[in-house]
Student: 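Pasting a structure here, questions to come.
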There are 2 protein chains.
Amino acid sequence: MISEQKIFYDYLETRRLKRTAQRDLILDMFLKIEKHVTPEELYQSIRKKYPHIGFSTVYRTLKLLVNCGLAREVKTAGDNSTFFEHQYDHPHHDHLVCQGCGKMAEFFDKAIEDLQEKIARAHGFKMTGHRLEITGLCKTCQDKGGAE
Amino acid sequence: MISEQKIFYDYLETRRLKRTAQRDLILDMFLKIEKHVTPEELYQSIRKKYPHIGFSTVYRTLKLLVNCGLAREVKTAGDNSTFFEHQYDHPHHDHLVCQGCGKMAEFFDKAIEDLQEKIARAHGFKMTGHRLEITGLCKTCQDKGGAE
DNA sequence: GTATCTGCAAAACTTTTGCTTATTT
DNA sequence: AAATAAGCAAAAGTTTTGCAGATAC
């Protein structure tokens, strides 16, 4: 079993980057977060335990987590802040969202995953993640005859 | 046939908003753009024809276009600026984003589109749209090793 | 005439950077 | 001892807002 900590420490070692108390703490706090988090939110949580930490340290460490594959950045329309979320925690579920009532279903489809890999490769990319959201109308909202 | 102009003008009328030369021009320029555009880029193009236009006017009008369904906002990891793109410009394209340098490629894959329809149907949804973003590392960033 | 819009500038907010001191290796 | 990181503050970049004068209705 490969732990996230090990991935991070190996990453640091490979690049001759240093393991510090702050980086350890930031990784731990990040891993404890169940869902996505903004840099500001993470900064605020960490300050409670470690009041002298700097925002830039948190920010720079989040970028490290992205670079070593533990986190990914997510930006959403309607929110100007970047979210960081676990890359490996919920590796394979995508969302189906009802425009009428907001109901959300999760799904996983191997064929789509494979096609994504293929497309990335065709463009010279090494795929590290993806985000797929299908919007539609659920049964109930279709029956109600169209939503706003 | 419903023109984008008509959609916009109807939207304005319904809400007792005013039709102005600037709004007309911004819509026209936006419709001429083939791909996504940042507010800044659109502002710069418009200034060439209409030097006194204000950035806020462009920005506010883009939001109007989103609200009336003609445009949508797209934000990508690796780029801090919001892109605006046509909402009704089928076939939709999806994005491939490099986590290292923010470089963005567009693609369209019929097989993926079809699978999405199928999945939505399997969950009792009627699909109305989707958003797919594949993140990865482009050739250049793979070679550089992804370091900051 | 009234309500809305424009353009400007400033504010608000997010992300990045420069630099000095501190820490890790 | 040398190299890197932390923390701070300031800069840079993006989005939003307040307002006086202009324009559409």
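Below, read A as the first sequence line, B as the second, and so on, with proteins coming before strands; counting in each chain starts at 1.
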Student: One pair to check against side chain to side chain contact (heavy atoms under 4.5 Å, CB included): A/Ile33 and A/Glu41. What are the steps and the verdict?
Tutor: CA-CA 10 Å; A/Ile33 302 281; A/Glu41 287 164 353; over 6 Å; no
Student: Could you state the atom-to-atom distance from CZ of A/Arg15 to C1' of D/dA5 in whole Å?
Tutor: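 For the pair A/Arg15 CZ and D/dA5 C1', the rounded distance is 17 Å.
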Student: Could you please spell out the steps behind the side chain to side chain donor-acceptor pair (under 3.5 Å) verdict for A/Asp28 and A/Gln5?
Tutor: CA-CA 8 Å; A/Asp28 280 358; A/Gln5 276 83 0; 3.3 Å; yes
Student: Taking everything shown except B/Glu13 itself, do over 12 heavy atoms lie less than 6.0 Å from its CD?
Tutor: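 No, the 6.0 Å shell around CD holds no more than 12 heavy atoms from other groups.
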Student: Is the shortest side-chain N/O distance from B/Arg23 to OP1 or OP2 of C/dC5 below 4.0 Å?
Tutor: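 Yes.
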Student: Between A/Phe84 (CZ) and C/dT14 (C1'), how many Å, whole number?
Tutor: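 So the two atoms are 11 Å apart, to the nearest Å.
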Student: For A/Tyr43, which contact category applies under a 4.0 Å heavy-atom criterion: base, sugar-phosphate, or nothing?
Tutor: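 Touches nothing.
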Student: Figure out the OH/P separation between A/Tyr9 and C/dT24, and round it to whole Å.
Tutor: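 So the two atoms are 13 Å apart, to the nearest Å.
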Student: In terms of the nearest nucleotide of DNA chain D, which residue is placed more toward the 5' end: B/Phe55 or A/Thr57?
Tutor: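 Result of the comparison: A/Thr57.
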Student: Of the options D/dA24, D/dA6, D/dA3, whose atoms approach the side-chain atoms of A/Lys18 most closely?
Tutor: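 Nearest to the side chain of A/Lys18 among the choices is D/dA3.
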Student: On DNA chain D, check which nucleotide each of B/Pro39 and A/His52 is closest to and give me the residue with the more 5' one.
Tutor: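 So the residue in question is A/His52.
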Student: Base of C/dC13, side chain of A/Ser81 - is there a donor-acceptor contact under 3.5 Å?
Tutor: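 No such pair is found, so the answer is no.
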Student: Is the side chain of B/His95 donor-acceptor paired with the backbone N or O of B/Lys75 at a distance under 3.5 Å, no angle test?
Tutor: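 No, the answer is negative, given that no donor and acceptor are paired below the 3.5 Å cut-off.
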Student: Taking B/Cys138's backbone N and O only, do any of them form a donor-acceptor pair with A/His123's side chain (distance below 3.5 Å, no angle check)?
Tutor: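 The answer is no, because no donor-acceptor pair under 3.5 Å joins these two groups.
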Student: Once you round it to whole Å, what is the distance between C1' of C/dT16 and CD of A/Glu73?
Tutor: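 The answer, rounded to whole Å, is 13 Å.
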Student: Let me know the distance between CD of A/Glu40 and C1' of C/dT15, rounded to the nearest Å.
Tutor: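 Answer to the nearest Å: 12 Å.
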Student: Taking OP1 and OP2 of D/dT15, is either one under 4.0 Å from a side-chain nitrogen or oxygen of B/Thr82?
Tutor: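 For D/dT15, OP1 or OP2 has a side-chain N or O of B/Thr82 closer than 4.0 Å.
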Student: Quickly work out the B/Asp24 CG to C/dT6 P distance and round it to whole Å.
Tutor: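 B/Asp24 atom CG is separated from C/dT6 atom P by 10 Å.
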Student: Rounded to whole Å, please give me the gap between OH in B/Tyr50 and P in D/dA22.
Tutor: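 Value for this atom pair: 14 Å.
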Student: When the C1' atoms of the five terminal pairs at each end define the local axes, what inter-axis angle does the helix from C/dG1-D/dC25 to C/dT25-D/dA1 show, to 10 degrees?
Tutor: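 Taking the rotation axis at each end, their angle is 30°.
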Student: Side chain of B/Arg19, backbone of B/Phe8: donor and acceptor closer than 3.5 Å?
Tutor: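 Here the side-chain-to-backbone pair does not exist.
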Student: Check every strand shown and say whether B/Thr38 touches a base, only sugar-phosphate, or nothing at a heavy-atom separation below 4.0 Å.
Tutor: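 It contacts nothing in the nucleic acid.
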Student: Among C/dT15, D/dT17, D/dT16, find the nucleotide with the atom closest to the side chain of B/Lys63.
Tutor: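 My answer, after comparing the listed nucleotides, is D/dT16.
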Student: The side chain of B/Leu17 lies closest to which of these nucleotides: C/dC5, D/dG7, D/dT4?
Tutor: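 Given the options C/dC5, D/dG7, D/dT4, the side chain of B/Leu17 is closest to C/dC5.
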Student: Counting distance only, does the side-chain N/O of B/His86 pair as donor-acceptor with the main-chain N or O of B/Phe30 below 3.5 Å?
Tutor: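 Yes: the side chain of B/His86 pairs with the backbone of B/Phe30.
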Student: Quick one: which of D/dG7, C/dT6, C/dT15 gets closest to the side chain of B/Arg60?
Tutor: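 The closest nucleotide is C/dT6.
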Student: Could you check whether any side-chain N or O of B/His36 sits under 3.5 Å from a backbone N or O of B/Glu73, counting only pairs where one atom can act as donor and the other as acceptor?
Tutor: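 Answer holds: no.
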Student: In whole angstrom, what separates A/Tyr59's OH from D/dA10's C1'?
Tutor: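 Rounding to the nearest Å, OH of A/Tyr59 and C1' of D/dA10 are 17 Å apart.
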Student: Regarding C/dC8, can its base be found pairing with the side chain of B/Ser56 as donor and acceptor, where the two atoms are less than 3.5 Å apart?
Tutor: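 Between C/dC8 and B/Ser56, which were checked side chain against base, a qualifying N/O pair under 3.5 Å is present.
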Student: Measure from the side chain of B/Gln22, starting at C-beta and using heavy atoms only, and say which of C/dG7, C/dT25, D/dA5 lies closest.
Tutor: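 The answer is C/dG7.
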